[in-house]
Protein chains: 2
Amino acid sequence: MTPHTEPRSRRERPAKPALSRAGILAAAMEIMRAEGLPKVTMRRLAQELDTGPASLYVYVANTAELHAAILDELLGTLAAPAEGGWHERLEALLTEYTTVLFAHPALARSALVARPSGPHYLGLIETLLTLLAQGGVPDRQAAWGVDVLLQYATATAAEHATRGETADTRDEWDALTRALHGAEERTHPRTAALAAELLSGTPQQRLSWGLRVQIAGVLHTPAPQSTEGATS
Amino acid sequence: MTPHTEPRSRRERPAKPALSRAGILAAAMEIMRAEGLPKVTMRRLAQELDTGPASLYVYVANTAELHAAILDELLGTLAAPAEGGWHERLEALLTEYTTVLFAHPALARSALVARPSGPHYLGLIETLLTLLAQGGVPDRQAAWGVDVLLQYATATAAEHATRGETADTRDEWDALTRALHGAEERTHPRTAALAAELLSGTPQQRLSWGLRVQIAGVLHTPAPQSTEGATS
DNA sequence: ACCTGAACACCGTTCAAGT
DNA sequence: ACCTGAACACCGTTCAAGT
């Protein structure tokens with residue numbers, strides 16, 4: 001009848017392993033795969049690792065940095081396709097990148113603000129630069145182009161994948177649909193005429209077209225010449 | 001010495017006005033202008049209106065919808081420039097749109113997920129469609145193009161404006177800078193060669209170039225023909 | 001140096017109950 | 001129909017204190 005007095009430190013985990021950045025990241029990936037990024041919080045992660053949230057801050061600067069690291073990890077699964085010309089391969093690689101992010105919309109949203117800087121992200125940049133060079137795109141144009149291409153893919157994933165995920169964003173989208181179809185002929189003639197077109201196409205068609213728009217644009221738009229000094 | 005027993009309902013506000021969607025929105029705009037969007041929370045807003053957060057849900061579906069309404073309100077300040085050709089005016093309008101969002105980065109982030117559907121947003125779409133029609137862009141191409149143009153502007157604001165806003169995102173960006181400059185010649189030859197170019201240009205130069213990329217891309221990329229049925 | 005408990009300062013949303 | 005108090009179920013981050 002005497003109450004248990006043994007420490008409750010270990011729950012089922014056999015021997016609480018020492019904390020490490022790699023261990024934290026691994027636990028984060030596991031939670032994300034099982035329950036999605038929104039559940040990957042400092043508190044939840046700490047709970048999973050059988051410690052307090054404060055302990056994580058020794059290895060991870062903050063939530064944004066953690067998310068960036070997760071994305072970099074995820075990009076390790078990208079395989080650059082080896083078939084076809086540079087244009088085809090460019091489109092395929094970016095489609096693959098977008099597809100990965102489609103599965104993790106919340107991550108795409110994070111990535112827009114806090115870019116990863118890990119090995120897989122650098123590898124992606126290198127591949128994109130190489131493909132653009134094969135396409136004969138001048139250096140600065142290619143360098144700036146990488147940004148545009150990745151931004152389009154990331155933003156599309158961020159924006160699109162939420163559609164229908166929660167009831168909230170569903171409502172939001174319905175509201176826009178109704179607004180477009182309700183546009184008055186007299187005040188908004190173009191919108192009224194093109195309401196159906198504005199909403200047409202499958203996500204895949206839109207993505208494919210959008211990527212070709214980016215590639216064509218990068219190809220056809222020379223960068224300004226004399227730019228010295230870093231951004232901002 | 002007897003304690004006050006009068007109700008503490010009104011603080012300094014003279015006569016608590018009845019709640020309304022317009023009133024809520026007005027209060028939201030005020031808080032945002034004074035303290036930024038992150039402070040525009042349901043709780044803070046309720047406090048400002050001298051009520052509890054639950055009361056707001058009669059007029060506002062959720063936070064996302066509130067943010068979309070705020071953005072639409074903000075777009076009311078946009079003035080479509082009347083000078084120049086369609087291309088110039090298109091670029092100027094989109095620059096203006098981006099500039100407005102630059103001042104409210106958190107709003108840009110919201111806008112990527114929950115698009116506004118108010119009168120000012122519809123007006124913007126109408127103007128964009130009109131300008132593209134003047135440029136001779138075919139209907140579906142123009143309709144899809146509007147999406148691409150607004151997405152680029154919104155994503156750029158979302159991404160860029162946070163740079164340096166908080167210490168966190170500063171760190172994040174420094175990490176990428178260091179990673180790019182540290183790219184190894186042997187494994188990442190293109191990245192190593194173009195590290196400076198990847199980070200070159202002012203935000204304004206990047207935006208201007210990016211917008212021209214979008215316009216050129218939309219102009220040069222035909223939309224697929226047979227698309228029946230709505231998105232998703 | 002690494003780890004922790006506890007606290008600080010918040011969130012969005014729901015629900016039963018009132019008017 | 002509109003409004004509310006109170007609760008539910010959480011957050012990120014910091015800091016003093018321990019080992």
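- Rounded to an integer number of Å, the gap from D50(A) CG to dG5(C) C1' is 14 Å.
- Listed nucleotides dC3(D), dC2(C), dA7(D) differ in distance to R43(B); the shortest reach to its side chain belongs to dA7(D).
- Residue V58(A) places its side chain closer to dC3(C) than to any other of dC3(C), dT13(D), dC3(D).
- Atom CZ of R21(B) is separated from atom P of dC2(D) by 14 Å (rounded to the nearest Å).
- Atom CG in L56(B) sits about 14 Å away from atom P in dC2(D), given to the nearest Å.
- The side chain of M42(B) lies closest to dT13(C), out of dC2(C), dT13(C), dG12(D).
- Computed from coordinates, the Y57(A) OH to dA1(C) P distance equals 21 Å when rounded to whole Å.
- Between T98(A) and Y152(A), the side chains place no donor N or O within less than 3.5 Å of an acceptor N or O (distance only, hydrogens not considered).
- Along DNA chain C, the nucleotide closest to R44(B) and the one closest to A54(A) are compared, and the more 5′ of them pairs with A54(A).
- Judged by distance alone, the side chains of Q214(A) and Q214(B) do bring a donor and an acceptor atom under 3.5 Å apart.
- Nucleotide dT4(C) forms a Watson-Crick or G-U wobble pair with dA16(D), both donor-acceptor distances falling under 3.5 Å.
- Computed from coordinates, the N62(B) CG to dG12(C) P distance equals 11 Å when rounded to whole Å.
- Pairing partner, dA9(C): none, since no Watson-Crick or wobble contact has both distances short of 3.5 Å.
- Note on S55(A): a base of the nucleic acid sits closer than 4.0 angstrom, heavy atoms only.
- E65(B) has its CD atom 15 Å from the C1' atom of dG12(C), to the nearest Å.
- For CD of E35(B), the number of neighbouring non-hydrogen atoms (other residues, nucleotides, ligands) closer than 6.0 Å is greater than 12.
- Of the P atoms belonging to dA9(D) and dC10(C), the separation is 23 Å, rounded to the nearest Å.
- Of the listed nucleotides (dC3(D), dC3(C), dT13(C)), dC3(C) has the atom at the smallest distance from the side chain of L19(A).
- Distance CD1 (I24(A)) to C1' (dG12(D)): 15 Å, rounded to an integer number of Å.
- OP1 or OP2 of dC3(C) has not a single side-chain nitrogen or oxygen of T51(A) nearer than 4.0 Å.
- Using a 4.0 Å cut-off between a side-chain N of Lys or Arg and a carboxylate O of Asp or Glu, R115(B) and D72(B) do not qualify as a salt bridge.
- When the C1' atom of dG5(D) is taken as reference, atom CD of Q47(B) falls 15 Å away, rounded to whole Å.
- Between the side chain of T95(B) and the main chain of E91(B), a donor-acceptor pair closer than 3.5 Å is present.
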